[in-house]
Amino acid sequence: MKSDNIKKGFKRAPHRSLLRACGLKDDDFKKPFIGIANSFTDIVPGHIHLRKIAGAVKEGVSEKGGHSFEFNTMAICDGIAMNHEGMKYSLPSREIIAATVESVSKGHSFDGLVLIPSCDKVVPGMLMGAARLDIPTIVVTGGAMVPGNYNGKNVDLISVYEAVGSFSSGLISKEELDGLERHACPGEGSCSGLFTANTMACLVESLGMSLPYCGTTLAVDKKKIEIALESGKTIMDLIKNQILPSNILNQEAFNNSIAVDMALGGSTNTTLHIPAIASEVKNSNLKVDLNLFDKISRVIPHICSISPAGKDTILDLHNAGGIPAVLKTLSPKIITNLSTVNGKTIEENLINVKDIDRTVIRSLDAPVHKEGGISILKGNLAPNGSVIKQAAVDEDMLLHKGPAKVFNCEEEAVDSILNEQIEEGHVIVIRYEGPKGGPGMREMLNPTSALSGMSIKKVAIITDGRFSGGTRGPCIGHISPEAMEDGPIATIKEGDIITIDIKNRTLNLEISEEELKKRTAEINHPKKELSGWLNVYQKLVTSADKGAIFK
């Protein structure tokens, strides 16, 4: 066992002495040591209940003869960090989380890991760390929040963001805004729509790294505790049989997860996180990039209409059969003879999946859209690619051509929108918000929600930043190369015509090649004074089309 490094032999007497100070007895030194990475914090709704989940995991580990050690990672609430400097720290936190899992596990020679993440960057960050370590690992995602209800309608965090725009333009009263604020987020769990946190929870299950139904079981559901208990037992089996992340996270598993992403119409942030996880897998020649997302999105239909693209919630998806039902529906188009953490193949896990609610999870013959939920656009404005949630775009905006309104940061764009300086037909350009340019690649939920709340519909947004999983409409992010790396987005001038053709997957600036070259040579980047972690991050981070991983 790896833990023998800190507990076996006379030379480890000092180590055992310290472990005895933590409460270990003689018999405990014979047991496998299990690290439990818990991202509990009491400022993030998706994480406030994770101590209960960790307690159930510990009970399961103990029942199967292991000894567990709980440690914490950080967690940032994207909703609270949104639209101010705090959002610059959200994506960078993924790298800190991965490094924390790696550092604590290596420093203490754990034999196995149970990961307990919930929100956006924590799920991929923990899994990146585990893939880097390649020791037996299982994931217990924290679960979604119960949908809010206001005036008889399902509401969530995005409802409140959009209401801010509605209130600012006089479409709703202060009382209505206050009512939404008080009812949209009723308690523990990650926000109830198919935003990044819940998308990633679903994809972790589809990868085979968590037990069936874990991804859609709500935070308050007693079955979440049962899954946590069973996961604590399962990690002991994984150690016994030495089943490693690299045995599960193969090319076909990543293909399947992207297929599920396309079927669900999930968050565009997966195009950052799935490649980042794949980049950490040991001894592999995985090819997981934007081209793979593009290829799979052309053949896997969008079969679920979940908020923000539709009215259904994660609870509706769970009640319809959850991820096993989605996998069963996709089974003619995916590989199901793949290992999962419970010792069964995906195919074996699907044997008893029968009652699928086809009003929520449609059949392949009657999809919501014929193509997948995410589309990859390229062109002279995004030579290395850009990303859009096409499943959340109205038909009449799949082709849009209009003049550019150019902003060098998110705040400038939001002020312009709220001051009613944006007109129908405009293409809002928000640049210098990429991984390096931000730095930190902020989410642009405020401008998109403001537009929606103000009922400004025929406007597109393009950015080298990214969009919240709660975004809907013609919002194109991850434009690569980014402005700070002299990407074409840095050359756009006020009034330039931009053409967005989602069906043909193109994004173009309507100027000549000669003019583009001339402007590129004249780029003058705005200067930003940086210090601390963001200064380090900017120097190490790669572009969005590479998953914004470190060099």
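A 6.0 Å sphere centred on NZ of Lys233 holds more than 12 heavy atoms belonging to other residues, nucleotides or ligands. Within a 6.0 Å sphere centred on NZ of Lys64, other residues, nucleotides and ligands contribute more than 12 heavy atoms. Other residues, nucleotides and ligands place no more than 12 heavy atoms under 6.0 Å from the CD1 atom of Ile335. When the shell of 6.0 Å around CZ of Arg358 is examined, it contains more than 12 heavy atoms from other residues, nucleotides or ligands.
One finds a salt bridge joining Asp289 and Lys287 here, because a Lys/Arg side-chain nitrogen approaches an Asp/Glu carboxylate oxygen to under 4.0 Å. Taking 4.0 Å as the cut-off between side-chain N and carboxylate O, Lys503 and Glu395 count as a salt-bridged pair.
Of the N and O atoms on the side chains of Asp156 and Ser307, at least one donor lies less than 3.5 Å from an acceptor on the other residue. Judged purely by distance below 3.5 Å, without hydrogens or angles, the side chains of Thr41 and His47 never pair a donor atom with an acceptor atom. Side-chain contact of Lys295 with Asn255: a donor-acceptor pair under 3.5 Å is absent, judged by distance alone.
Counting only heavy atoms from C-beta outward, the side chains of Ile248 and Thr340 never approach each other to under 4.5 Å. For the pair Leu330/Leu364, a side-chain contact is recorded, criterion being any heavy-atom separation below 4.5 Å from C-beta on.
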Show every donor-acceptor pair shorter than 3.5 Å between a side-chain atom in residues 67-75 and any protein atom, with sequence neighbours excluded, or say none if there are none.
| from | atom 1 | to | atom 2 | distance (Å) |
| --- | --- | --- | --- | --- |
| Glu70 | OE1 | Lys58 | NZ | 2.7 |
| Glu70 | OE2 | Asn38 | ND2 | 2.7 |
| Asn72 | ND2 | Asn38 | O | 2.9 |

Just list the side-chain donor-acceptor pairs under 3.5 Å for residues 309-316, sequence neighbours left out, or say none.
| from | atom 1 | to | atom 2 | distance (Å) |
| --- | --- | --- | --- | --- |
| Thr313 | OG1 | Leu315 | N | 3.3 |
| Thr313 | OG1 | Asp316 | N | 3.3 |
| Thr313 | OG1 | Asp316 | OD2 | 3.2 |
| Asp316 | OD2 | Thr313 | N | 2.8 |

What side-chain donor-acceptor pairs closer than 3.5 Å can you find for residues 369-377, not counting sequence neighbours?
| from | atom 1 | to | atom 2 | distance (Å) |
| --- | --- | --- | --- | --- |
| His369 | ND1 | His302 | ND1 | 2.9 |
| Glu371 | OE1 | Arg505 | NH2 | 2.7 |

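A side chain to side chain contact (heavy atoms under 4.5 Å, CB included) with His478 is found for exactly one of Asn384, Asn269, Leu290, namely Asn269.
Cys185 approaches Met145 most closely through the heavy-atom pair CA-SD, 3.5 Å.
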